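Following: one structure in structure tokens, then a few remarks.
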There are 2 protein chains.
Amino acid sequence: MTKKIPLPSLKRLPKYYSIVCEYYKEGKEYIKSSEISKKLDIDETQVRKDIALLNCAGKPKVGFNINELKRYLEEFLDINNMKDSFLIGTGNLGLAIAKYNGFEKYGLNITALFDTDPHKIGLKVGEKEIFHVSKFPDLAQRMRVKIIILAVPREEAQKMADIAVKAGAKAIWNFAPANIDVPKDVLVINQDLATDFMVLWLQLHNKDLSI
Amino acid sequence: MTKKIPLPSLKRLPKYYSIVCEYYKEGKEYIKSSEISKKLDIDETQVRKDIALLNCAGKPKVGFNINELKRYLEEFLDINNMKDSFLIGTGNLGLAIAKYNGFEKYGLNITALFDTDPHKIGLKVGEKEIFHVSKFPDLAQRMRVKIIILAVPREEAQKMADIAVKAGAKAIWNFAPANIDVPKDVLVINQDLATDFMVLWLQLHNKDLSI
DNA sequence: TAGATTGTTAATCGATTAACAATC
DNA sequence: TAGATTGTTAATCGATTAACAATC
């Protein structure tokens, strides 16, 4: 039985965490909901409601204790748990993801890389070795890796997703511009950059044209 | 006076477009709202409502004409307009974005790259040259580029955003894990990968724990 | 014609915002 | 104490879903 957290709140909490960490680094002791509100352009009441979901209490007149709020957010976001994942596809985007250094802070750990290109097998990216995809099922099962990052070309996305699911994947973070079919118990998050860009473009345009 | 399109609808339309293009390539003539619905796991009525926003009419019993729907979507999404942009930051992620080939389809064109690293200035990435950031204001103004893609380290994000805004940027697609401050008339879309991952993680967890 | 699918109106649901009492 | 800020209840708003009439 989990308390139900609204998805919009879920999306805001990591943003709060990032601000709280800034305050923490600056050695501040308290933060007010109005400060978070201003920085993120989110309603003040909303911020308090979201924080209330964490069962973290603030002090009237002073705000929320940084250490405490940080701890509650870390607990909720499961920050200190290592989240192991495998990445399939070592093209430009795949390599950029593998080298991205913003993930550690949240405990995301990309343990191994996979590709089908024989020239790439055995190469190392930082500490991470590139394996042939044929090794995927065995490794995924042995290491109990449930999270897959897919950064392969559109045409291969479904095939690789099938392999991942068969090997026990429970969540696929899909960077390929493709809709992949998976069983209902597997979570797919599509990170389609082109679509994201279109939303930017349409919002920009709507702005200019409105009234 | 623009008709107001709900943001959630806005986000779904590019997905419909991608499916419609598949059908188009396969030479199909019609698509039913129920087919789109199933592929994207979106309510059928929702799909019809979204399409209605485009003023595109379907035929009872057969569905929507692919050519027509495709044309309406392209018009709405402004697909055939070239959308010029500049990219600041040519690290791993910046280069991956510069080389990403999924953008053309939507008319996004990255015209030039910028960095501060003297070793990179003058290099070419495909057809695109890397310029020193000091050239940015002049080029942005001459070419009337309004869209900036920011792929710089966290610490430089605000500084680069300031430069971009001063040079007339109206939209910033921010890949840096930083909250940047801009005037109210500038649109910022934050593409924080780590945050996106956390949402995946939390959803995955909620699933496992629920009931 | 009969039946499937669209298009639209009405009902529901849930998230956001406003109002305000509680509290340090 | 007075005043600022939290915490919570109620009101609003908007998006989703359900129901069903229109139509090919």
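First the proteins, then the strands, lettered A, B, ... as listed; each starts at 1. Remember, predicted model here, so these are calculated numbers, not experimental data.
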Send over the distance from [X] [atom1] to [N] [atom2], rounded to a whole Å.
X: Leu7(B); N: dT16(C); atom1: CG; atom2: C1'; answer: 15 Å
X: Ile51(A); N: dT5(D); atom1: CD1; atom2: C1'; answer: 12 Å
X: Lys61(B); N: dC24(D); atom1: NZ; atom2: P; answer: 13 Å
X: Ile36(A); N: dT6(D); atom1: CD1; atom2: P; answer: 9 Å
X: Gln46(B); N: dA11(C); atom1: CD; atom2: C1'; answer: 15 Å
X: Arg48(A); N: dA15(C); atom1: CZ; atom2: P; answer: 19 Å
X: Asp41(B); N: dT17(D); atom1: CG; atom2: C1'; answer: 14 Å
X: Asp43(A); N: dA18(C); atom1: CG; atom2: P; answer: 6 Å

Please tell me which of Ala52(B) and Pro6(A) maps to the more 5' nucleotide of DNA chain C, matching each residue to the nucleotide holding its nearest heavy atom.
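Upstream on the strand: Ala52(B).
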Select from Cys56(B) and Ser9(A) the residue whose nearest nucleotide in DNA chain C is closer to the 5' end of that strand.
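It is Cys56(B) whose nearest nucleotide is closer to the 5' end.
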Show me the dot-bracket string of DNA chain D, counting Watson-Crick or G-U pairs under 3.5 Å, with | for pairs to another strand and [ ] for crossing ones.
..||||||||||||||||||||||
Contact class for Lys32(B) (heavy atom, under 4.0 Å): base, sugar-phosphate, or nothing?
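Touches sugar-phosphate only.
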When all nucleic acid strands are considered with a 4.0 Å heavy-atom cut-off, which category describes Ser33(A): base, sugar-phosphate, or nothing?
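Here Ser33(A) touches the backbone only, sparing every base.
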Over all heavy atoms of both residues, which pair between Leu113(B) and Ala98(B) is shortest? Give the atoms and the distance, please.
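Closest approach of Leu113(B) to Ala98(B): CD2-CB, 4.0 Å.
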Indicate, yes or no, whether a donor-acceptor pair under 3.5 Å links the base of dT17(D) to the side chain of Lys49(B).
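Such a pair exists between side chain and base.
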What do the steps show when you test Tyr30(B) against Lys59(B) for side-chain hydrogen bond (donor to acceptor under 3.5 Å, both in side chains), and what is the final call?
CA-CA 9 Å; Tyr30(B) 285 94; Lys59(B) 284 207 193 87; 2.9 Å; yes
Parallel, tilted or perpendicular: which fits the ring planes of Phe136(B) and Phe114(B), with parallel below 30° and perpendicular above 60°?
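Rings of Phe136(B) and Phe114(B): perpendicular, over 60°.
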Are there more than 12 heavy atoms of other residues, nucleotides or ligands under 6.0 Å from atom NZ of Lys11(B)?
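For Lys11(B), atom NZ is not crowded (no more than 12 foreign heavy atoms under 6.0 Å).
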Gln141(A) atom CD, over 12 foreign heavy atoms within 6.0 Å
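Enclosed.
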Residue [X], side-chain heavy atoms: nucleotide from [options] that is nearest:
X: Thr45(B); options: dT6(D), dT16(C), dA18(D); value: dA18(D)
X: Phe64(B); options: dG7(D), dT6(C), dT16(C); value: dT6(C)
X: Arg12(A); options: dT23(C), dT16(C), dT16(D); value: dT16(C)

Quick test of your reading of the model: are Lys49(B) and Glu44(B) salt-bridged, counting only N-O distances below 4.0 Å?
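Salt bridge: no.
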Indicate yes or no: at least one non-hydrogen side-chain atom of Tyr17(A) is less than 4.5 angstrom from one of Leu77(A).
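Tyr17(A) reaches Leu77(A) side chain to side chain.
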